[in-house]
Amino acid sequence: MGNAASVELESARVVRLLRDSILSGQRRSGDRLIERDIADELAVSRLPVREAIRQLLSEGLLTARPRSWAVVRRFTEDDVRDIAQVRDVLEVLVFELAAVRHDSEGLAKVEAALKREFAAAGMGDAAAAHTAGAEFHLVMAELAENATVNEILGMMRGRLLLLFREHDDLVGMAEDHARIFESFAARDTATLRLRVQRHLRAGTENALRKLAEYNAETAAIREQAAVERDAAERVDVEAIPASEQIPVAGE
């Protein structure tokens, strides 16, 4: 009983550490997470690492690979568009419900997150700005008071944070949130809907742009590696004395 509880607590800590390393960008899309290596890195047994990887797989942050390892998820264009379709429905609903149901305490919580986001964006602190921006959305979900919608969004939260962590216009994102906050505070749901939709679509366009840049960079790296490999093979062949080279048929 005690050992099981200990493993559970250890796996929760490993989940937190690995999740933070992924969402902060320390581990990038395509990076491998191998049980043995993670266990050595965190000075734990492989069992809590295995449990942590399973948890992060369920959150959509990792993609499974054979033989006890996984990779940080790589999104495709279809992934981005599928997520955008769901957000356009659910998050707009969340913001509208929050606008109708919020009280002064909830208003203050949203405003505090917004102020932290502006402060971080002004200093160019991307990690802090993204954290505050995510909190802005999370508090709205809390104020919406719809358990079913929040349960669905909760299952997507890890993927959303991973997908939008590289939004590079920090001030622009904060300004979008400020316009949304203005309509939210006034309970102007008609204007709020339009502003939230515009904000979500801007995020999707940014994610697609970042994905295209990543794919182009990856293709360029592979092409360069292929060129260097071919050059190395030619050098190896040229280093072999002509008398020892295997003649090509027809020569």
Side-chain angles (χ1 to χ4, degrees), residues 11-35 37-38 41-42 49-65 69-91 94 113 116-117 120-121 125-141 149-170 172-174 176-177 196 199-218:
S11 65
R13 183 178 73 88
V14 176
V15 166
R16 176 176 55 79
L17 292 172
L18 291 181
R19 184 191 292 119
D20 287 350
S21 71
I22 292 168
L23 296 179
S24 68
Q26 180 184 342
R27 299 182 194 274
R28 310 292 295 176
S29 296
D31 283 357
R32 298 198 299 175
L33 276 73
I34 301 173
E35 281 185 17
D37 295 346
I38 299 296
E41 177 187 334
L42 301 180
V49 174
R50 187 173 304 134
E51 293 300 318
I53 288 176
R54 286 175 182 164
Q55 174 63 32
L56 296 176
L57 284 168
S58 73
E59 293 179 14
L61 294 178
L62 302 178
T63 303
R65 290 291 184 268
W69 61 284
V71 297
V72 178
R73 182 169 183 161
R74 282 195 184 107
F75 288 97
T76 66
E77 186 174 322
D78 284 343
D79 289 333
V80 175
R81 296 191 187 282
D82 287 349
I83 290 172
Q85 288 176 347
V86 175
R87 292 188 83 201
D88 274 350
V89 176
L90 291 183
E91 288 214 56
V94 159
R116 285 193 293 273
E117 183 179 8
D125 186 341
H130 289 147
T131 297
E135 186 180 352
F136 180 88
H137 284 257
L138 291 172
V139 174
M140 289 290 188
V149 171
N150 284 335
E151 183 179 354
I152 296 170
L153 284 174
M155 290 187 291
M156 296 174 58
R157 189 151 290 132
R159 275 166 281 191
L160 291 173
L161 291 171
L162 179 59
L163 182 58
F164 296 103
R165 72 181 177 190
E166 294 186 2
H167 201 304
D168 48 10
D169 186 1
L170 303 179
M173 185 164 60
D176 261 8
H177 284 163
V196 172
H199 172 63
L200 295 178
R201 286 164 191 171
T204 298
E205 289 169 6
N206 180 79
L208 288 171
R209 177 174 60 81
K210 285 289 188 181
L211 179 62
E213 290 173 359
Y214 174 83
N215 289 340
E217 181 182 351
T218 301

What residues form a side chain to side chain contact (heavy atoms under 4.5 Å, CB included) with [X], not counting sequence neighbours?
X    : answer
D20  : R16
V86  : L90, M156
A127 : D125
Q26  : S21, S24

[X]: which residues meet the side-chain hydrogen bond (donor to acceptor under 3.5 Å, both in side chains) condition with it, sequence neighbours left out?
X    : value
Q55  : E59
R54  : E51
D176 : R179, H199

Item to check | From L18 atom CG to L42 atom CG, the distance as rounded to the nearest 0.5 Å | outcome: 6.0 Å
Item to check | Pair R28 + E217, salt bridge at N-O below 4.0 Å | outcome: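 No, R28 and E217 are not salt-bridged.
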Using the salt bridge (Lys or Arg N to Asp or Glu O under 4.0 Å) criterion, which residues pair with [X]? Sequence neighbours excluded.
X    : result
R81  : E77
R32  : none
D79  : R73
E205 : none

Next on the checklist: Within the structure provided, determine whether F75 and L162 are in side-chain contact (heavy-atom separation under 4.5 Å).
Outcome noted: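 Sidechains of L162 and F75: in contact.
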Checklist entry - So, does D31 use its side chain to make a donor-acceptor pair with the main chain of V72 at under 3.5 Å? => result no
Next on the checklist: Over 60° means perpendicular and under 30° means parallel, so tell me whether F136 and H177 are parallel, tilted or perpendicular.
Outcome noted: parallel
